[in-house]
There are 2 protein chains.
Amino acid sequence: MMPDDLDAVFSALAHRDRRRILDLVRNNPGCRVEDLGPHFATSRVAILKHLKVLTKAELIVSEKVGRERLLYFNIMPIQIIYDRWATEFSALWAGPIAQIKYRVEAEAKAKAEAKPRRKRDG
Amino acid sequence: MMPDDLDAVFSALAHRDRRRILDLVRNNPGCRVEDLGPHFATSRVAILKHLKVLTKAELIVSEKVGRERLLYFNIMPIQIIYDRWATEFSALWAGPIAQIKYRVEAEAKAKAEAKPRRKRDG
DNA sequence: GCATCATGTAACCAAAAGGTTACATTTTTC
DNA sequence: GAAAAATGTAACCTTTTGGTTACATGATGC
């Protein structure tokens, strides 16, 4: 997954209604576009736009069956991020107490070395 | 964490430079705003704007020391999402084989029950 | 105390985002 | 075959986003 793809996934998740769409599709695999309508206060076309964003981020895959479009949730983008977070941050979230200790150490270290750096101005 | 906060966090993560800022701050706790400049092709003020977004999402906390501002990474928002994902999706990502099996079952189930729903139009 | 440094705000602009109504197309139903 | 259903596109508009340059302010160094 390329950085641009990460942008797309996080961006897709950055809207409440889109997260709710994902929940609905995940809990109702194969549901249709029109099944989503009653759950939202916005227009059908707004929902179509949200679906387009989710599809581009690969969080939703769909198939056209006659005049209907069946929607499915795709866990892969989220799993990729989840796994990447596990790799990068697992040392940071050992637990509440360990975490506070780490934070304090980080701040002490910062004060000890927060000095000479290269300078540049925009 | 409220849904609006989730919007803010995902939105903050939805920009490549902002993720890179987070990496830099995480690996250099207590670094200053100007330390970030050399790593990016955009202007200093653009970076300040990114920092404002990250701060609002609580992914970065900072303290003013004299004329400098020291930056620290805050793992909490990401940990909250991570834990929530673990709760909601752990059944979905048991493994590649199990996942494919689940997907097939989901699609078969969808075809069997993808029928009567309420209708509404925008 | 003055010049420099580090950060921050203001103003501007183009592009993107998020919504709307109107129109179009294909498939299904009767 | 005509009407209804389901989806999709186009056009429009307001707001937000992401960038820029210019200006401002307080702290630091000499």
Side-chain angles (χ1 to χ4, degrees), chain A residues 3-4 7-21 25 28 30-57 60-72 110 114-122, chain B residues 3-4 7-21 25 28 30-57 60-72 110 114-122:
Chain A
D4 285 353
D7 284 4
V9 175
F10 284 126
S11 186
L13 294 170
H15 189 290
R16 181 163 180 268
D17 282 357
R18 286 205 285 274
R19 293 197 297 280
R20 291 179 59 211
I21 289 173
V25 172
N28 302 277
C31 68
R32 300 159 302 170
V33 173
E34 75 155 3
D35 297 328
L36 301 176
H39 299 276
F40 298 92
T42 57
S43 70
R44 180 182 60 83
V45 178
I47 295 174
L48 280 175
K49 282 197 166 183
H50 286 316
L51 283 174
K52 183 172 179 181
V53 170
L54 290 166
T55 300
K56 189 165 189 306
I60 279 188
V61 294
S62 64
E63 63 171 343
K64 190 78 166 175
V65 179
R67 67 190 178 190
E68 300 180 333
R69 180 168 290 282
L70 310 186
L71 309 170
Y72 303 95
K115 271 297 108 180
R117 305 291 171 85
R118 193 161 312 283
K119 62 181 56 175
R120 171 194 181 254
D121 203 347
Chain B
D4 285 353
D7 284 4
V9 174
F10 284 126
S11 187
L13 293 170
H15 189 289
R16 181 164 180 267
D17 282 356
R18 287 206 283 276
R19 294 197 298 278
R20 291 179 60 209
I21 288 174
V25 172
N28 302 278
C31 68
R32 301 157 303 171
V33 174
E34 72 155 3
D35 297 329
L36 301 176
H39 299 275
F40 298 93
T42 55
S43 70
R44 180 182 60 81
V45 178
I47 295 174
L48 280 174
K49 281 198 167 183
H50 285 315
L51 283 174
K52 184 172 179 181
V53 171
L54 291 166
T55 300
K56 190 166 187 311
I60 278 188
V61 294
S62 66
E63 63 171 343
K64 190 78 168 178
V65 178
R67 67 189 178 191
E68 300 180 333
R69 180 169 289 283
L70 309 187
L71 309 170
Y72 302 94
K115 271 298 109 188
R117 305 293 170 88
R118 195 160 311 284
K119 67 180 51 173
R120 168 193 182 254
D121 202 347

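Naming: A, B, ... by sequence-line order, numbering from 1 per chain.
- Looking only at side-chain heavy atoms (C-beta outward), B/Val53 and B/Lys56 stay at 4.5 Å or farther from each other.
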For nucleotides 23-27 of chain C, list the nitrogen or oxygen atoms of the protein found under 3.5 Å from its nitrogen or oxygen atoms, one pair per line.
unit_1 : atom_1 : unit_2  : atom_2 : d
C/dT27 : O3'    : A/Arg67 : N      : 3.3
C/dT27 : O2     : A/Arg67 : NH1    : 3.0

For nucleotides 16-18 of chain D, print each protein N/O atom paired with a nucleotide N/O atom at under 3.5 Å, atom names and distance only.
unit_1 : atom_1 : unit_2  : atom_2 : d
D/dG18 : OP2    : B/Arg18 : NH1    : 3.3

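- Whole-Å rounding puts the A/Lys52 NZ to C/dG18 C1' distance at 13 Å.
- Residues satisfying the salt bridge (Lys or Arg N to Asp or Glu O under 4.0 Å) test with A/Arg67, not counting sequence neighbours, are none.
- Side-chain contact check for A/Leu36 versus A/Val25: some heavy-atom pair is nearer than 4.5 Å.
- When the nucleotides C/dT9, D/dA6, D/dG19 are ranked by their closest atom to the side chain of B/Thr42, D/dG19 comes out on top.
- Checking the phosphate oxygens (OP1, OP2) of C/dT20, a side-chain nitrogen or oxygen of A/Ser43 falls inside 4.0 Å.
- Residue B/Leu48 contributes atom CG, which lies 13 Å from atom P of C/dA10 at whole-angstrom precision.
- Every residue two or more places apart in sequence or in another chain was checked for a side-chain hydrogen bond (donor to acceptor under 3.5 Å, both in side chains) with A/His15, and none qualifies.
- Pairing each heavy atom of B/Pro38 with each of B/Asp35, the nearest pair is CD-O, 3.5 Å.
- Nearest to the side chain of A/Val45, among D/dT9, C/dT9, D/dT7, sits D/dT9.
- The nearest whole Å value for the distance from the CG atom in A/Leu13 to the P atom in C/dA17 is 15 Å.
- In the set C/dT7, D/dG19, D/dT7, D/dG19 carries the atom at the smallest distance from any side-chain atom of B/Ala46.
- Applying the side-chain contact (heavy atoms from CB on, under 4.5 Å) rule to A/Ser62 yields the partners A/Arg69, A/Leu71; only residues at least two apart in sequence or on another chain are considered.
- One can place CG of A/Leu51 at 8 Å from P of D/dG8, the figure rounded to the nearest angstrom.
- Between the CZ atom of A/Phe10 and the P atom of C/dA17 there is a distance of 16 Å, rounded to whole Å.
- Within the 4.5 Å cutoff, the side chain of B/His50 has no heavy atoms near those of the B/Phe40 side chain.
- In this structure, the CZ atom of B/Arg32 is 12 Å from the C1' atom of C/dT7, given to the nearest Å.
- When the C1' atom of D/dG19 is taken as reference, atom CZ of B/Arg16 falls 17 Å away, rounded to whole Å.
- Put simply, the side chain of A/Ile21 does not reach to within 4.5 Å of the side chain of A/His39, judged on heavy atoms.
- For the pair B/Leu70 CG and D/dA27 P, the interatomic distance rounds to 15 Å; values are reported in whole Å.
- Taking the side chain as every heavy atom from C-beta outward, A/Lys52 and A/Leu48 never approach each other to under 4.5 Å.
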